[in-house]
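Note that ligands are numbered from 1 as they come in the structure, with each ligand's atoms numbered from 1 the same way. No experiment lies behind these values; they were computed from the predicted model shown.
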Amino acid sequence: MRIDRIDLYHVAMPLKAPWRTAYGEDAAIEAVLCRLTSGSLAGWGEAAPFAAPCYSPEWAGGVFAVAREWLGPALLGADIASGAELQRRLAAFKGNPFAKAAFDTAWWSLEAQRTGKSLAELLGGTRRQVAVGADFGVMDSLEDLLAAIDGAVRDRFRRIKLKFRPGWDREMLSVVRRAFPHTTLHIDCNSGYTLRDLPLFQWVDQQHLAMIEQPLRHDDLSDHAVLQNVLATPICLDESITSVEAARTAIRWGSCRFVNIKPGRVGGLTVAREIHDVCRAAGIPCWVGGMLESATGAQHCLALATLENCTYPADLFPSERFYVEDLSDPPLVLSRDPEGCPAMDVLQRLAEPVPGRLERCTRQSVVLRR
Ligand code: MG
């Protein structure tokens, strides 16, 4: 498929309630939407690295600039037959996985249009429905948290994930575990700790968690190997897995026993699927997370989660949880699996930005033409 035209949009999508992060509160999710046109077909992709370079070194304004100045021009006019070829053309540009993901996911949408297949089918997905979990961040009180978990347990979510950070860690987990002794729980530390916190993790190791997500530095693999070696609870790497090479190293060093894959963080679906395959060959199960993308980006996460080795319930949410109105349509909605637990069905039609909504959310845009 020859790329005839590229449209880029830097958007800010207003949230129902502010999103609390390590650096403060975001009232909107910033993302870059990319539309690739080939002849009469067009496909949309999305990268949501957030407004500030705090989840990773990338940020939405920077992704827009690198996409406009470097990645877009490298693809414009090129005939691209596969995701691997797109990645090869972008390989000269170091890093910038979120920016690359905007183009890579758009290419997969374009390929879905061209072939008439769903994204899940194109990727080789084996299920039509994906189990999803419930997530809870830092709350105003432990009572609020317990009430929220109680609601999720009654709603039959297959697992609960708890944000775990200094000031909201040992006491919080101890109270939750006491109240819910048999619930499948895991904690996400978002790189908030170091090996000096080993005694804390030895206590956590007694709490029968499904996994401990990203306890140490966002770019570390070696200290995680040291920690995993002394813990029975599996470590799951999230932020540290930014490429296929990072996944291979993590496996070789024994840095983790689970991998969370986010298409945006690793450079798109092409790389995400390869990481999935490398993990499957090593016997490491995966699961999928998102970055609060609109339905355009979330559908790529959902398609990835249909792959065979994605066995733990995904971090994917119905659009209405975060947005009054999803920028894209159709929105993501919750359904139920045959046992009555919350799940998501793969979309029957490609989600795309709705023109009026896109206009309202756009902070800057550019068209690259041949
Ligand atoms: Mg995480």
Visitor: Once side chain to side chain donor-acceptor pair (under 3.5 Å) is applied, do any residues pair with Glu325, and if so which ones, sequence neighbours excluded?
Guide: Arg357, Arg360

Visitor: Is the distance between the ring centroids of Phe64 and Tyr9 under 6.0 Å?
Guide: no

Visitor: May I ask you to list the residues sharing a hydrophobic cluster with Tyr312, side-chain cutoff 4.5 Å, ordered by chain and number?
Guide: Met211, Phe258, Trp287

Visitor: Please find out if the Mg ion (ligand 1) and some N, O or S atom of Glu239 are separated by less than 2.8 Å.
Guide: no

Visitor: Would you call the rings of Tyr193 and Phe201 parallel, tilted or perpendicular, taking 30° and 60° as the class edges?
Guide: perpendicular

Visitor: Restricting to N, O or S atoms, which atom of Asp188 is closest to the Mg ion (ligand 1)?
Guide: OD2

Visitor: Compute the angle centred on the Mg ion (ligand 1) spanning OE2 of Glu213 and OD2 of Asp238, and express it rounded to 10 degrees.
Guide: 90°

